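Notes for the one structure printed next.
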Amino acid sequence: MNSLKKQILIKAQPGTIWAILADVTRTPEWVDGVKESERTGTIREGKGTRWHESCELDRQHIEIDQEMTVWEPMQKAVIQSKLPMNGSMTRTLVFHGTPEGVEITVEFLWDLGIAGMLLGEQKVRNILDQSFENTLANWKEIAEKA
């Protein structure tokens with residue numbers, strides 16, 4: 001299992017930051033590489049929310065199924081992703097209020113299965129590292145403008 005950990009401080013109200021995360025149909029606005037997102041389950045928000053994303057990462061088209069497996073509003077969320085070729089990813093987001101805003105720590109754990117072996121783990125790590133940086137910067141920009 002591969003991992004990366006990132007932190008970001010967003011100078012916005014916790015509710016604003018959380019609302020962006022909660023609306024999975026808006027991920028194309030801020031998650032790097034996501035072109036389309038569609039809710040696939042009946043739960044609209046919180047634990048058990050499911051959605052499907054069509055993505056482009058390093059010029060490769062990828063279809064991803066997502067599920068919110070932990071939902072503790074404005075404290076913690078965990079997203080489990082099913083990736084092509086028996087891959088998976090888990091993103092754990094922890095929120096901490098500060099006088100300046102909200103600090104978010106995100107831990108990314110992934111196993112790309114066959115795709116990781118074909119592409120090479122270091123190449124994948126570099127691509128994902130940049131993608132995660134872009135995603136957090138986009139989230140920050142949207143939240144701070146709201």
Side-chain angles (χ1 to χ4, degrees), residues 1-84 87-112 115-116 119-146:
M1 185 75 57
N2 294 286
S3 68
L4 283 170
K5 197 172 203 175
K6 304 271 183 193
Q7 283 188 314
I8 191 165
L9 176 66
I10 300 178
K11 296 176 183 177
Q13 293 295 315
T16 300
I17 297 165
W18 195 262
I20 295 167
L21 176 66
D23 187 354
V24 299
T25 63
R26 289 184 63 193
T27 60
E29 296 175 31
W30 64 281
V31 177
D32 188 51
V34 175
K35 303 300 179 195
E36 296 178 18
S37 181
E38 178 182 8
R39 203 176 280 109
T40 57
T42 56
I43 299 172
R44 297 190 55 80
E45 180 180 305
K47 185 176 179 178
T49 301
R50 292 185 178 137
W51 68 102
H52 180 83
E53 292 176 341
S54 292
C55 307
E56 187 172 309
L57 194 60
D58 194 41
R59 299 186 313 260
Q60 297 294 314
H61 180 80
I62 302 168
E63 298 288 324
I64 303 174
D65 290 314
Q66 316 269 19
E67 181 176 0
M68 194 74 66
T69 58
V70 173
W71 186 259
E72 298 170 12
M74 291 176 263
Q75 294 179 30
K76 184 177 181 180
V78 177
I79 301 167
Q80 182 65 43
S81 306
K82 292 181 184 176
L83 305 173
S88 66
M89 180 180 295
T90 302
R91 286 163 283 168
T92 301
L93 300 90
V94 177
F95 299 75
H96 177 70
T98 72
E100 297 84 29
V102 178
E103 184 178 86
I104 304 167
T105 302
V106 186
E107 184 172 10
F108 305 90
L109 301 171
W110 72 89
D111 178 353
L112 298 185
L119 294 170
E121 293 296 340
Q122 189 57 48
K123 178 180 179 181
V124 169
R125 181 181 198 73
N126 293 342
I127 293 167
L128 291 178
D129 185 46
Q130 187 59 57
S131 179
F132 298 151
E133 284 289 330
N134 294 344
T135 295
L136 293 176
N138 293 342
W139 192 7
K140 177 181 175 79
E141 181 179 354
I142 290 171
E144 290 181 353
K145 283 184 180 178

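All of these numbers come straight from a predicted model, not from anything done at the bench. In what follows, residues are counted from 1 in the order of the sequence shown.
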Derivation of the side chain to side chain contact (heavy atoms under 4.5 Å, CB included) call for R50 and T42: CA-CA 8 Å; R50 292 185 178 137; T42 56; over 6 Å; no
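- Here the straight-line distance linking atom CD of Q80 with atom CG of D65 works out to 11.5 Å at 0.5 Å rounding.
- With sequence neighbours excluded, no residue forms a side-chain hydrogen bond (donor to acceptor under 3.5 Å, both in side chains) with H96.
- Residue pairs that meet the salt bridge (charged side-chain N to carboxylate O under 4.0 Å, His left out) test with at least one member in residues 126-139, sequence neighbours left out, are K6-D129, K6-E133.
- Residues passing the side chain to side chain contact (heavy atoms under 4.5 Å, CB included) test with S54 are E36, H52, H61, E63, sequence neighbours excluded.
- For E141, the side-chain hydrogen bond (donor to acceptor under 3.5 Å, both in side chains) test picks out K145, with sequence neighbours left out.
- Within 6.0 Å of atom CD in E38, 12 or fewer heavy atoms from other residues, nucleotides or ligands are found, so the atom counts as exposed in its surroundings.
- Of all heavy-atom pairs spanning A143 and A12, the tightest one is O-CB, 3.6 Å.
- Residue-environment remark: CZ (R39) exceeds the threshold of 12 foreign heavy atoms within 6.0 Å.
- Of the possible donor and acceptor atoms, one in the side chain of D23 sits under 3.5 Å from a partner among the backbone N and O of T25.
- Counting only heavy atoms from C-beta outward, the side chains of V24 and T49 approach each other to under 4.5 Å.
- How far NZ of K11 is from CG of L9: 6.0 Å, rounded to the nearest 0.5 Å.
- Atom CG in L93 sits 11.5 Å away from atom CD1 in I8 (nearest 0.5 Å).
- Remark: Q7 pairs with E103, T105 by the side chain to side chain contact (heavy atoms under 4.5 Å, CB included) rule, at least two apart or across chains.
- When the side-chain hydrogen bond (donor to acceptor under 3.5 Å, both in side chains) test is applied to S88, no partner is found at least two apart in sequence or on another chain.
- Legend: residues meeting salt bridge (charged side-chain N to carboxylate O under 4.0 Å, His left out) with E144, ordered by chain and number and at least two apart, are K140.
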Set out, in order, the CA-CA distance, both residues' side-chain angles and the distance that settles side chain to side chain contact (heavy atoms under 4.5 Å, CB included) for V124 and W110, then state yes or no. CA-CA 10 Å; V124 169; W110 72 89; 4.0 Å; yes
Run F95 and I17 through side chain to side chain contact (heavy atoms under 4.5 Å, CB included) and show every step you take. CA-CA 10 Å; F95 299 75; I17 297 165; 4.0 Å; yes
Step by step, would you call E45 with I43 a side chain to side chain contact (heavy atoms under 4.5 Å, CB included)? CA-CA 6 Å; E45 180 180 305; I43 299 172; 5.8 Å; no
Let's go through N126 and Q130 carefully: what are the C-alpha distance in whole Å and the side-chain angles of both, what is the deciding distance for side-chain hydrogen bond (donor to acceptor under 3.5 Å, both in side chains) to 0.1 Å, and is it a yes or a no? CA-CA 6 Å; N126 293 342; Q130 187 59 57; over 6 Å; no
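- A distance of 11.0 Å separates CD in E67 from OG1 in T90, rounded to the nearest 0.5 Å.
- Judged as a salt bridge (charged side-chain N to carboxylate O under 4.0 Å, His left out), and not counting sequence neighbours, R125 has no contacts.
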If you look only at distance, which donor and acceptor atoms sit under 3.5 Å apart when one is on a side chain in residues 68-78 and the other is two or more places apart or in another chain?
| from | atom 1 | to | atom 2 | distance (Å) |
| --- | --- | --- | --- | --- |
| T69 | OG1 | V78 | O | 3.4 |

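- The side chain to side chain contact (heavy atoms under 4.5 Å, CB included) check on S81 picks up I64, Q66, I79, L83, M89, R91, with sequence neighbours excluded.
- With contacts defined as side-chain heavy-atom distances shorter than 4.5 Å, the pair V106/L136 qualifies.
- Note that the CD1 atom of I20 and the CD1 atom of I142 stand 6.0 Å from one another [nearest 0.5 Å].
- Remark: W51 pairs with E53 by the side-chain hydrogen bond (donor to acceptor under 3.5 Å, both in side chains) rule, at least two apart or across chains.
- Residues forming a side chain to side chain contact (heavy atoms under 4.5 Å, CB included) with N138 (at least two apart in sequence, or on another chain): W30.
- Taking CG of L57 as the start and CG of D32 as the end, the distance is 7.0 Å to the nearest 0.5 Å.
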